[in-house]
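Counting starts at 1 for both ligands and their atoms, in listed order. Since the structure is predicted, the reported quantities are computational estimates derived from the model, not experimental observations. Any value given below was found using the heavy atoms of this structure, including those in side chains, with hydrogens, waters and symmetry copies removed.
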Amino acid sequence: MRVIASKEEMRRACREAARPLGLVPTMGALHQGHLSLVDRARADCASVAVSIFVNPTQFAEGEDFAEYPRDLELDLEMLRQRGVDLVFVPDVAEVYPPGFHTWVDVGPIADRLEGAARPGHFRGVATVVAKLFGVVQPERAYFGQKDGQQTVVVRKLARDLDMGIEVVVLPTVREADGLAMSSRNVRLNPEQRQAAAVVYRALSAGLGIWYGGETDATAIVSTAQLQLDSEPLVRSVDYVSLADPETLEELALASPGGMLSVAAHLGSVRLIDNVILE
Ligand code: PAF
């Protein structure tokens, strides 16, 4: 496994790699969710590249960029065991050298949900993903459904900019109590960790009444919200939403494919999760 910090060297290594090449973009602090993407890329592709870069431009002032968990040595060990070929570990100056000015804006889908709660977040995500795609030029790129809106943004970016990259989205990997795996979970204290299961309980409650025949989006959203309200350690809820899977506009009438999503704060940790109405 080659670990590469320079864009030029990474570009060369990717050009020489056996094809198809699959890319798994990450911010490190890897968990089973990331590893499921790596395993799928390994099964699908002749070569696998993983990027590890905590991207400062997707964090706003006052967010958890400095506190974001980092453990490069452990990450590299896990990737070595999974048979990854190339790991790209650039520093901030390598990705954003002096004079960098070009940003990717994917339009209104970036302003809803996470975008409303975290203005500028998806401009940072879309820009860094476009840059990673530019350096690696993979045939396929792998993302987790847990960051549901991010998958919509990345698909749109790849389509609108004619990148010719297939965006593969894989199911959320969950702990036994339903909590979606996330690098940020390590920042929950034991009480918060126990309480955090309420996020998936809330989504499941909403999903449950949809399965029971409810199609009024307000009823589904309120059911999920009630669950969140019942957990005293939930400090605040940024949104509970039932949105169209492509435009991310709020639905009045629930329909298959709709994305029921939540963002809630437990202490200083912000958790997001979603389920798709099947
Ligand atoms: O999902 C993430 O870890 C990040 O948002 C990504 C896609 C690697 C871009 O920094």
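- Partner of Asp85 under the salt bridge (charged side-chain N to carboxylate O under 4.0 Å, His left out) criterion, chosen from Arg42, Arg19, Arg2: Arg42.
- The protein non-hydrogen atom at the shortest distance from atom 5 (O) of ligand 1 is Gln150 OE1, 2.6 Å.
- In this pair, Phe133 and Phe143 present their aromatic rings perpendicular. The plane angle is above 60°, beyond the 30 to 60° band.
- Interface of Thr26 with ligand 1, defined as ligand atoms under 4.0 Å from a residue heavy atom, comprises 8 (C).
- Partner of Val48 under the side chain to side chain contact (heavy atoms under 4.5 Å, CB included) criterion, out of Val84, Leu86, Val87, Leu37: Val84 alone.
- Neither the backbone nor the side chain of Val154 comes within 4.0 Å of ligand 1, counting heavy atoms alone.
- Here the heavy atom of the protein found nearest to atom 3 (O) of ligand 1 is Met27 CG, 3.5 Å.
- A donor and an acceptor atom, one from each side chain of Gln227 and Glu231, are nowhere located under 3.5 Å apart.
- In terms of protein heavy-atom proximity, atom 9 (C) of ligand 1 is nearest to Gln58 OE1, 3.3 Å.
- Each of the atoms 9 (C), 10 (O) of ligand 1 lies under 4.0 Å from some heavy atom of Val128.
- Counted within 6.0 Å of CD on Glu246, heavy atoms from surrounding residues, nucleotides or ligands total 12 or fewer; the atom is thus considered open.
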